[in-house]
Amino acid sequence: MAPAGGPGAKRGILERLESGEVVVGDGSFLITLEKRGYVKAGLWTPEAVVEQPDAVRQLHMEFLRAGSNVMQTFTFSASEDNMESKWEDVNAAACDLAREVAGKGDALVAGGICQTTVYKHHKDEARVKKLFQLQLDVFARKNVDFLIAEYFEHAEEAMWAVEVLKELGKPVAATMCIGPDGDMHGVPPGECAVKLVKAGAAIVGVNCRFGPSTSLKTMKLMKEGLQAAGLKAHLMVQSLGFHTPDCGRGGFVDLPEYPFGLEPRVATRWDIQKYAREAYRLGVRYIGGCCGFEPYHIRAIAEELAPERGFLPPASEKHGSWGSGLDMHTKPWIRARARREYWENLLPASGRPFCPSLSWPDV
């Protein structure tokens, strides 16, 4: 199958999903740009879109080449409560960068908002919704293609976000950063999904906080909850690019390795091909990644689901399927690895002396 930039004219997110098309999301921005020296850990706000736009543009381009057909605006935590006077310029610049790169391929622009700092302390619905509305006003001016409410650990706040976003009249996706135990108030994943759909979300799922296998367990519970309630929605998953089977309800932020010692947990490209296939079998058609998800992970999704999509991404020009490029290696034992069975059955070692297999979460 020859690499290609993607099928013809752009269609909307719901048109794609309703036709059965696989939509490949993008990946990590905050953690990736922190590693590259453009984002400061802590509050994790995205000033880089105005301070270092070339770095953000380049990362968007890498995800596009890898197979993503959604360019999500780099607006995580870019609300007034986190950024004060900078928030509007950051949101506008993020939209412009996403649109610029999306125009180079078959990609849509998604305006993204996330949970606020206000909700946990005051639960002031009017104040929280006002923060969402301010960002939405910028997305409206910039004419994004659809909207994503992501990284919510409380179903109630996620519902408030959906209620605001749907007023623009464009499709709304809503994802929560929860595992199989549900949100921070103990609302089960299935019930969370039902609440989001009833609030107006057309696409629901999970993002961040948990690794591929845990995220898919949560998606299964969401799907079952919607089926039991007689509701229909498209499913979306954007897991961590790290393995986190030892996480509690709070996810990877509670691990002692967070955020600067997570490298031993990075998923291989083969792990992500398995994740993509399992997500597809579960009925998920919007598949991407979050923190730790590098462009080669997105390429792994695109390559695994290339038969369903009908094409390979441009980045596959330099990547032989299942290690096939190794058949040119000078060492015969390495040439012997140029086959799917080898990589599919590999149990990679950490290479770290005295490394424990699991950690004890801090909380």
Side-chain angles (χ1 to χ4, degrees), residues 24-28 30-31 114-115 148 150-155 158 173-194 196 203-226 235-259 261-294 297-298 300-301 304 347-348 350 355-363:
V24 177
D26 58 9
S28 170
L30 288 167
I31 283 186
C114 70
Q115 65 182 6
I148 299 178
E150 68 168 5
Y151 199 79
F152 285 86
E153 58 187 7
H154 298 95
T175 57
M176 297 188 66
C177 53
I178 61 173
D181 291 335
D183 83 347
M184 289 303 193
H185 286 145
V187 180
E191 188 176 338
C192 288
V194 168
L196 294 176
I203 307 163
V204 297
V206 294
N207 82 300
C208 207
R209 290 285 183 98
F210 296 90
S213 60
T214 305
S215 293
L216 291 178
K217 290 176 184 175
T218 310
M219 288 304 305
K220 184 174 184 292
L221 294 172
M222 283 191 157
K223 180 180 179 180
E224 290 171 352
L226 292 173
L235 302 178
M236 171 179 178
V237 63
Q238 301 212 110
S239 83
L240 294 176
F242 307 111
H243 293 298
T244 61
D246 40 350
C247 283
R249 189 186 294 273
F252 82 142
V253 297
D254 294 339
L255 292 175
E257 299 97 328
Y258 176 85
L262 291 163
E263 284 82 358
R265 294 174 173 269
V266 173
T268 69
R269 64 195 71 192
W270 318 120
D271 293 332
I272 299 306
Q273 289 205 206
K274 179 181 178 182
Y275 156 77
R277 181 54 59 191
E278 290 182 354
Y280 185 86
R281 287 175 181 155
L282 185 60
V284 182
R285 292 296 180 268
Y286 188 143
I287 306 170
C290 202
C291 295
F293 236 89
E294 298 290 334
H297 290 126
I298 293 299
I301 295 174
E304 176 62 30
L347 295 176
S350 73
C355 182
S357 61
L358 301 175
S359 291
W360 291 100
D362 290 339
V363 294

Engineer: Which heavy-atom pair separates P212 from L240 by the least distance, and what is that distance?
Structural biologist: CD-O, 3.5 Å
Engineer: Going by the rule salt bridge (Lys or Arg N to Asp or Glu O under 4.0 Å), which residues pair with E153 if we only count those two or more places apart in sequence or in a different chain?
Structural biologist: K120, R209
Engineer: Check L262 against P259 and note the closest heavy-atom contact, atom names and distance.
Structural biologist: CD1-O, 3.9 Å
Engineer: According to side chain to side chain contact (heavy atoms under 4.5 Å, CB included), who are the partners of L221, at least two apart in sequence or on a separate chain?
Structural biologist: P180, P189, E224
Engineer: Not counting sequence neighbours, list each pair that qualifies as a salt bridge (Lys or Arg N to Asp or Glu O under 4.0 Å) and has a residue in residues 238-257.
Structural biologist: D246-R265, E257-R265
Engineer: Any non-hydrogen side-chain atom of M222 less than 4.5 Å from a side-chain atom of V194?
Structural biologist: no
Engineer: Go through the structure and list residues passing side chain to side chain contact (heavy atoms under 4.5 Å, CB included) with P348, not counting sequence neighbours.
Structural biologist: T268, L346
Engineer: Do the side chain of T214 and the main chain of F210 share a donor and acceptor less than 3.5 angstrom apart?
Structural biologist: no
Engineer: Taking only residues two or more places apart in sequence or in another chain, which ones pass ring-ring contact (aromatic ring centres under 6.0 Å, His included) with H243?
Structural biologist: none
Engineer: Would you say that P361 contacts F252 through its side chain, given a criterion of any heavy-atom pair below 4.5 Å between the two side chains?
Structural biologist: no
Engineer: Does F242 have any ring-ring contact (aromatic ring centres under 6.0 Å, His included) partners at least two apart in sequence or in another chain, and if so, which?
Structural biologist: none
Engineer: Any side-chain heavy atom of K220 within less than 4.5 Å of one from K217?
Structural biologist: no
Engineer: Minimum heavy-atom separation for P245 to L358, with atom names?
Structural biologist: CG-CD2, 3.7 Å
Engineer: Do you know which two heavy atoms are closest between C247 and G251, and how far apart they sit?
Structural biologist: SG-C, 3.3 Å
Engineer: Should C192 and I178 count as side-chain neighbours, where that means a heavy-atom distance under 4.5 Å?
Structural biologist: yes
Engineer: Listing request: all side-chain hydrogen bond (donor to acceptor under 3.5 Å, both in side chains) pairs with a residue in residues 174-183, at least two apart in sequence or in separate chains.
Structural biologist: T175-N207
Engineer: Using the salt bridge (Lys or Arg N to Asp or Glu O under 4.0 Å) criterion, which residues pair with K223? Sequence neighbours excluded.
Structural biologist: none
Engineer: Any chance you could lay out the side-chain contact (heavy atoms from CB on, under 4.5 Å) test for Y280 and E304, step after step, and finish with the verdict?
Structural biologist: CA-CA 10 Å; Y280 185 86; E304 176 62 30; over 6 Å; no
Engineer: What do the steps show when you test I272 against F293 for side-chain contact (heavy atoms from CB on, under 4.5 Å), and what is the final call?
Structural biologist: CA-CA 9 Å; I272 299 306; F293 236 89; 3.7 Å; yes
Engineer: For the atom pair CD (Q273) and NE2 (H297), what is the distance rounded to the nearest 0.5 Å?
Structural biologist: 11.0 Å
Engineer: Quick one: salt bridge (Lys or Arg N to Asp or Glu O under 4.0 Å) pairs with a partner in residues 235-245, sequence neighbours left out?
Structural biologist: none
Engineer: Of all heavy-atom pairs between I298 and D26, which one has the smallest distance, and what is that distance?
Structural biologist: CD1-O, 3.5 Å
Engineer: Rounded to the nearest 0.5 Å, what separation is found between the CE atom of M184 and the CD atom of Q115?
Structural biologist: 8.5 Å
Engineer: Please report the C-alpha distance between R277 and K274 in whole Å, then the side-chain angles of each, then the deciding distance to 0.1 Å, and finally whether the side-chain contact (heavy atoms from CB on, under 4.5 Å) criterion is met.
Structural biologist: CA-CA 5 Å; R277 181 54 59 191; K274 179 181 178 182; 5.9 Å; no
Engineer: With side chains defined as the heavy atoms from C-beta onward, is the minimum distance between L235 and Y286 less than 4.5 Å?
Structural biologist: no
Engineer: So, do T218 and M176 sit near enough that their side-chain heavy atoms are less than 4.5 Å apart?
Structural biologist: no
Engineer: My understanding is that only residues two or more places apart in sequence, or in another chain, count here; which of them pass salt bridge (Lys or Arg N to Asp or Glu O under 4.0 Å) with R285?
Structural biologist: none
Engineer: Less than 4.5 Å apart, any side-chain heavy atom of S239 and any of V206?
Structural biologist: no
Engineer: Nearest 0.5 Å, what's the CD-SG distance between Q238 and C208?
Structural biologist: 10.0 Å
Engineer: Kindly indicate whether the side chain of T244, heavy atoms from C-beta on, has any atom under 4.5 Å from the side chain of L255.
Structural biologist: yes
Engineer: Test of understanding: with salt bridge (Lys or Arg N to Asp or Glu O under 4.0 Å), list the residues that count as partners of R269, not counting sequence neighbours.
Structural biologist: none
Engineer: I'd like to check the side chain to side chain contact (heavy atoms under 4.5 Å, CB included) partners of P356; sequence neighbours left out, ordered by chain and number.
Structural biologist: none
Engineer: With side-chain contact (heavy atoms from CB on, under 4.5 Å) as the criterion, how do Y275 and V237 come out once you've worked through the C-alpha distance, each side chain's angles and the decisive distance to 0.1 Å?
Structural biologist: CA-CA 10 Å; Y275 156 77; V237 63; 3.5 Å; yes
Engineer: Roughly how far, to the nearest 0.5 Å, is CD of E191 from CG of L226?
Structural biologist: 11.5 Å
Engineer: Is a side-chain donor or acceptor of H185 paired with a backbone partner of A155 at a separation under 3.5 angstrom?
Structural biologist: no
